Amino acid sequence: MSKSKTMKVYGITGSIACGKSTVTNYLREHGYLVIDADRISREALTIDQGCIEKVDQLFHCVYGGIVDRKALGKKVFHDAKAKKMLENIIHPYVISQLKEAIQENQDLPCLFLDIPLLYESHLEYLCDSIIVVYLDEKQQVKRLMERDHIDEEYALTIMKNQISSDKKKEMADVVLDNTKDPTFLYQQIEQLMKGIENERITDK
């Protein structure tokens with residue numbers, strides 16, 4: 001994979017329930033290309049025959065060419081080794097598709113990679129700059145409980161499987177603070193877009 005000198009790749013990430021989708025939806029509405037790693041991950045088990053065949057060989061839960069996601073989930077949920085085996089099938093596919101998207105859109109001034117587990121998957125190398133959508137832990141727990149209709153204990157368990165929001169904030173090139181109202185977040189996104197546009201003009 002090679003990138004043009006002017007084309008910029010921005011990675012967007014953030015811990016669960018921090019508001020990343022609000023940011024990516026806003027960017028799409030304003031004409032920016034956002035590549036969704038979660039969507040690609042789902043496609044690995046729905047349209048990519050190579051991944052589906054590997055899942056069948058290892059987990060025996062493919063029927064009529066369709067992965068039984070519920071059966072697969074039961075096999076990997078409490079089994080760290082099985083989970084790692086599944087990740088070793090899906091992650092290479094996701095990475096190849098992200099690289100392909102970058103390569104195919106060299107004519108654009110920039111694009112965004114929406115990667116929830118960007119730091120956990122060590123995909124920083126794909127990006128020129130990384131944007132973290134930040135929410136403090138207290139608000140994050142509350143939003144996750146409300147969004148997924150789960151109790152606090154389960155919400156905290158999910159969060160512990162990711163790098164904390166505070167740590168991601170420290171690692172970011174750009175932080176979008178989502179601790180206040182939506183208007184405050186939108187203002188920051190607009191400032192980000194202005195900065196990207198100004199950088200594009202400067203690079204010309």
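Every value quoted in this text rests on a predicted model; they were computed, and no experiment measured them. Note: hydrogens, waters and symmetry copies are ignored here, and every other heavy atom, side chains too, is used.
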For the hydrophobic clusters of this structure (ILVMFWY residues joined by side-chain heavy atoms under 4.5 Å, transitively), does one cluster hold both [X] and [Y]?
{"X": "Tyr93", "Y": "Ile115", "result": "yes"}
{"X": "Leu156", "Y": "Ile163", "result": "no"}
{"X": "Met171", "Y": "Val174", "result": "no"}
{"X": "Met7", "Y": "Leu27", "result": "no"}
{"X": "Val9", "Y": "Ile12", "result": "no"}

Rounded distance (nearest 0.5 Å) linking atom [atom1] of [X] with atom [atom2] of [Y]:
{"X": "Lys54", "Y": "Asp56", "atom1": "NZ", "atom2": "CG", "answer": "13.5 Å"}
{"X": "Thr24", "Y": "Arg28", "atom1": "OG1", "atom2": "CZ", "answer": "5.0 Å"}
{"X": "Glu199", "Y": "Asp128", "atom1": "CD", "atom2": "CG", "answer": "8.5 Å"}
{"X": "Arg143", "Y": "Cys18", "atom1": "CZ", "atom2": "SG", "answer": "8.0 Å"}
{"X": "Ile40", "Y": "Ile35", "atom1": "CD1", "atom2": "CD1", "answer": "6.5 Å"}
{"X": "Gln140", "Y": "Lys142", "atom1": "CD", "atom2": "NZ", "answer": "13.5 Å"}

Can a donor-acceptor pair be found, under 3.5 Å and without considering hydrogens, that links the side chain of [X] to the backbone of [Y]?
{"X": "Gln162", "Y": "Ile16", "result": "yes"}
{"X": "His30", "Y": "Tyr26", "result": "yes"}
{"X": "Asn105", "Y": "Ala101", "result": "yes"}
{"X": "Asp148", "Y": "Ile150", "result": "no"}

Closest approach of [X] and [Y], non-hydrogen atoms and distance?
{"X": "Glu87", "Y": "Lys83", "answer": "OE2-NZ, 2.7 Å"}
{"X": "Leu135", "Y": "Ser165", "answer": "O-OG, 2.9 Å"}
{"X": "Leu144", "Y": "Ala155", "answer": "CD2-O, 3.7 Å"}
{"X": "Ser41", "Y": "Ile90", "answer": "OG-CG2, 3.4 Å"}
{"X": "Gln106", "Y": "Ile102", "answer": "NE2-O, 2.8 Å"}

- Message: By the side-chain hydrogen bond (donor to acceptor under 3.5 Å, both in side chains) test, which pairs, at least two apart or in different chains, include something from residues 112-122?
- Response: Lys20-Asp114, Glu120-Lys168

- If a pair satisfies ring-ring contact (aromatic ring centres under 6.0 Å, His included) and one of its residues is in residues 37-89, list it, with sequence neighbours excluded. none

Quick one: does [X]'s side chain get under 4.5 Å of [Y]'s, heavy atoms only?
{"X": "Ile196", "Y": "Leu192", "answer": "yes"}
{"X": "Val132", "Y": "Ser15", "answer": "no"}
{"X": "Tyr154", "Y": "Ile158", "answer": "yes"}
{"X": "Asn178", "Y": "Val23", "answer": "no"}
{"X": "Asp173", "Y": "Ile131", "answer": "no"}
{"X": "Glu137", "Y": "Asp166", "answer": "no"}
{"X": "Cys61", "Y": "Val55", "answer": "yes"}
{"X": "Tyr10", "Y": "Cys110", "answer": "yes"}

- Item | Residue pair Asp48, Ile52: steps toward the side-chain contact (heavy atoms from CB on, under 4.5 Å) verdict | CA-CA 6 Å; Asp48 186 79; Ile52 291 170; 5.7 Å; no

Identify all side-chain donor-acceptor contacts of residues 64-72 below 3.5 Å with residues at least two apart in sequence or on another chain.
unit_1	atom_1	unit_2	atom_2	d
Asp68	OD1	Lys70	N	3.2
Asp68	OD1	Ala71	N	3.1

- Item | Partner set under salt bridge (Lys or Arg N to Asp or Glu O under 4.0 Å) for Lys74, not counting sequence neighbours | none

- Query: Quick one: ring-ring contact (aromatic ring centres under 6.0 Å, His included) partners of Tyr32, sequence neighbours excluded?
  - Reply: Phe112

- Task: Verify the distance criterion only: is there a donor paired with an acceptor across the side chains of Thr179 and Asp177 at less than 3.5 Å?
- Result: yes

- Glu43/Arg39 ion pair, N-O < 4.0 Å: yes

- Task: Check the pair Gln191, Leu176 against side-chain contact (heavy atoms from CB on, under 4.5 Å), reporting the backbone distance first and the verdict last.
- Result: CA-CA 10 Å; Gln191 284 297 116; Leu176 297 177; over 6 Å; no

- Does Val175 sit in a hydrophobic cluster with other residues, and if so which ones, taking ILVMFWY side chains as linked at heavy-atom separations under 4.5 Å, directly or through other members? Tyr134

